[in-house]
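One structure is given here, and the rest of the page talks about it.
Note that the structure is predicted; figures quoted are calculated from it, not measured. Chain letters run A, B, ... following the sequence lines, proteins first, then strands; residues in each count from 1.
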2 protein chains.
Amino acid sequence: MKLTTKGRYAVMAMADLASYANGKPISLTEISLRQNISLSYLEQLFLKLKNKNLVKSVRGSNGGYILVKSPSEIRLSNIIFAVNENVKTLSCKKDSKKGCNHKSTKCITHNLWADLEEHINGFFEKIKLEELVNKDKRF
Amino acid sequence: MKLTTKGRYAVMAMADLASYANGKPISLTEISLRQNISLSYLEQLFLKLKNKNLVKSVRGSNGGYILVKSPSEIRLSNIIFAVNENVKTLSCKKDSKKGCNHKSTKCITHNLWADLEEHINGFFEKIKLEELVNKDKRF
DNA sequence: ATAATTCCTATTAAATTAGTAGGGTTTAAA
DNA sequence: TTTAAACCCTACTAATTTAATAGGAATTAT
Ligand code: FES
Ligand code: FES
């Protein structure tokens, strides 16, 4: 079980954005340099973050991105969700009555994985972007 | 972030083993049929489970596998760990002072991921195999 | 003997992830 | 009005990982 870069980068970039926020837009080039993330990859992520209304963009020279809400109003779950890095623990269709074993009942571990999913989502929901950038930070 | 089949199958198979335990060894063929998991794949998993002393094997005709300990003494973390499906949330070397960003300090999100790892491991540590197979089961 | 079974390694196929590429559009500022 | 910095968007490719298959050896009850 591995955390992939998409979610990791998204959170890193948002934390960077929050840390260096100064009212003016921050360009992806800056973030790319500071966090060592490929610019083009960042662009892809920020498209999604923008679609989910977590950041807004300013085009043209001197442009960049700005947080739409304050870091205290952004949960990590929002970020993770925006880039489609939700945890997927079930191998069966959630709605279907069929199990991952192709039988007519859910498998013996189904509820376990469902629980795990909640447990992990809970973690991301609990934490706000603020907590990553605060001086007296928890992280 | 996805739970892969290795950990999932390992837990399923161990739960199956616990459910159908009757003192006699249970063959992988049975488990394979009941849980719809490729026999050969199961074999690979059980080699590892055996190496970690979670099951013991009985070779030859009528052979199979038997749990070494009672389901109340086996934590899911033991199973997950046995098949190397531990969660890996960090992209940097844990011991190194260098960060995932190739800089000399850990990145802004490092402690967050470390926390997440603990959080998930905690989940698996908390739950015993017993809880998956009990009549009055939680799952 | 035979068939069922574990044991073990190697290989391949499939899927996913990570990253690159390339061209378009917008805009501040020289 | 030209230029350069930036966002915008899609497609493609490379790399890695996962899942599964293959094939045979060793063991043992019947
Ligand atoms: S995970 Fe849902 S039935 Fe197995
Ligand atoms: S994850 Fe450890 S430094 Fe970024």
Side-chain angles (χ1 to χ4, degrees), chain A residues 1-13 17 24-33 35-68 80 83-89 91 100-102, chain B residues 1-13 17 24-33 35-68 80 83-89 91 100-102:
Chain A
M1 199 174 179
K2 230 182 55 184
L3 187 65
T4 59
T5 62
K6 212 167 20 162
R8 185 201 315 282
Y9 284 173
V11 173
M12 275 174 86
L17 203 51
K24 281 182 279 186
I26 303 214
S27 76
L28 294 187
T29 309
E30 283 182 65
I31 299 181
S32 164
L33 290 173
Q35 307 299 333
N36 239 277
I37 304 173
S38 134
L39 173 60
S40 194
Y41 203 31
L42 270 181
E43 287 181 338
Q44 294 171 49
L45 297 177
F46 272 79
L47 277 191
K48 297 187 181 187
L49 294 170
K50 198 185 64 161
N51 288 339
K52 293 291 180 186
N53 204 37
L54 294 177
V55 297
K56 65 184 173 193
S57 66
V58 178
R59 303 189 67 176
S61 188
N62 292 329
Y65 288 92
I66 303 180
L67 289 178
V68 167
I80 298 281
V83 297
N84 306 316
E85 271 295 290
N86 316 44
V87 197
K88 283 146 215 146
T89 55
S91 65
C100 60
N101 45 17
H102 305 299
Chain B
M1 201 174 178
K2 227 182 59 184
L3 187 64
T4 59
T5 62
K6 212 167 21 163
R8 186 201 314 281
Y9 284 173
V11 173
M12 274 174 88
L17 203 50
K24 280 182 280 187
I26 302 210
S27 76
L28 294 189
T29 310
E30 283 182 64
I31 300 180
S32 164
L33 290 173
Q35 306 300 332
N36 238 278
I37 303 173
S38 136
L39 173 60
S40 193
Y41 202 31
L42 270 180
E43 289 179 339
Q44 295 171 49
L45 297 177
F46 272 78
L47 278 190
K48 297 187 181 186
L49 294 170
K50 198 184 65 161
N51 288 339
K52 293 291 181 186
N53 204 39
L54 293 178
V55 297
K56 64 183 173 198
S57 67
V58 177
R59 302 187 68 176
S61 187
N62 293 329
Y65 288 92
I66 304 181
L67 289 179
V68 166
I80 298 281
V83 297
N84 307 315
E85 271 294 293
N86 318 42
V87 197
K88 284 146 215 144
T89 55
S91 65
C100 60
N101 45 18
H102 307 298

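Going from atom CG of Leu42(B) over to atom P of dC8(C) covers 16 Å, rounded to whole Å. At whole-Å resolution of the value, CG in Asn36(B) and P in dA19(D) are 16 Å apart. Per the geometry, CZ belonging to Arg8(B) stands 20 Å off P belonging to dT17(D), to the nearest Å. What separates CG of Leu39(A) from P of dC7(D) is a distance of 7 Å, to the nearest Å. As a whole-Å value, the separation of Lys24(B) NZ from dA29(D) C1' is 13 Å. For the pair Lys2(A) NZ and dA15(C) C1', the interatomic distance rounds to 13 Å; values are reported in whole Å. The interatomic distance linking Glu30(A) (CD) with dA6(D) (C1') rounds to 11 Å, in whole Å. In this structure, the CG atom of Asn84(B) is 13 Å from the P atom of dA19(D), given to the nearest Å.
One finds no side-chain N or O of Ser38(B) lying less than 4.0 angstrom from the OP1 or OP2 phosphate oxygen of dA19(D). At the phosphate of dG19(C), OP1 or OP2 sits under 4.0 Å from a side-chain N or O atom of Tyr9(A). The phosphate of dT5(C) has neither OP1 nor OP2 within less than 4.0 Å of any side-chain N or O from Tyr65(B). Contact annotation: Tyr41(A) does not reach the phosphate of dG19(C) (side-chain N/O to OP1 or OP2, under 4.0 Å). Side-chain nitrogen and oxygen atoms of Asn62(A) include at least one within less than 4.0 Å of the OP1 or OP2 phosphate oxygen of dA29(C). Phosphate proximity of dC7(C) to Lys50(B): present, with a side-chain N or O under 4.0 Å from OP1 or OP2.
Residue contacts shown for Thr5(A) are limited to sugar-phosphate atoms, with no base heavy atom under 4.0 Å away. Contact annotation for Gly60(A): base contact, defined as any heavy-atom pair under 4.0 Å involving a base atom.
Considering only the side chain of Arg59(A), dT26(C) comes nearest among dT26(C), dA6(D), dT6(C). Which of dC9(D), dA4(C), dT16(C) sits closest to the side chain of Ser61(B) comes down to dA4(C). Taking the side chain of Gln44(A) as heavy atoms from C-beta on, and the options dT6(C), dT17(D), dT20(C), the nearest nucleotide is dT20(C). The listed nucleotides are dC8(C), dC8(D), dT6(C); the one nearest the side chain of Leu28(B) is dT6(C). The side chain of Glu43(A) lies closest to dC8(D) when the candidates are dC8(C), dC8(D), dT9(C). The side chain of Thr4(B) lies closest to dA19(D) when the candidates are dA10(C), dA19(D), dT20(C).
The 12-atom threshold is exceeded at NZ of Lys88(A), counting heavy atoms of other residues, nucleotides or ligands nearer than 6.0 Å.
Using a 4.5 Å cut-off on side-chain heavy atoms (C-beta onward), Tyr65(B) and Pro25(B) make no contact. Here the side chains of Leu45(A) and Met12(A) are not in contact, with every heavy-atom distance at 4.5 Å or above.
Here the SG-CD1 distance, from Cys100(A) to Ile37(B), works out to 8.0 Å after rounding to the nearest 0.5 Å. Atoms CG and NZ, on Asn86(B) and Lys2(A) in that order, are 13.5 Å from each other to the nearest 0.5 Å.
Map Asn51(A) and Lys6(B) each onto its nearest nucleotide of DNA chain D; the residue landing nearer the 5' end is Asn51(A).
Relative ring orientation between Tyr9(A) and Tyr41(A) is described as perpendicular, the plane-to-plane angle rising above 60° on a 0-90° scale split at 30° and 60°.
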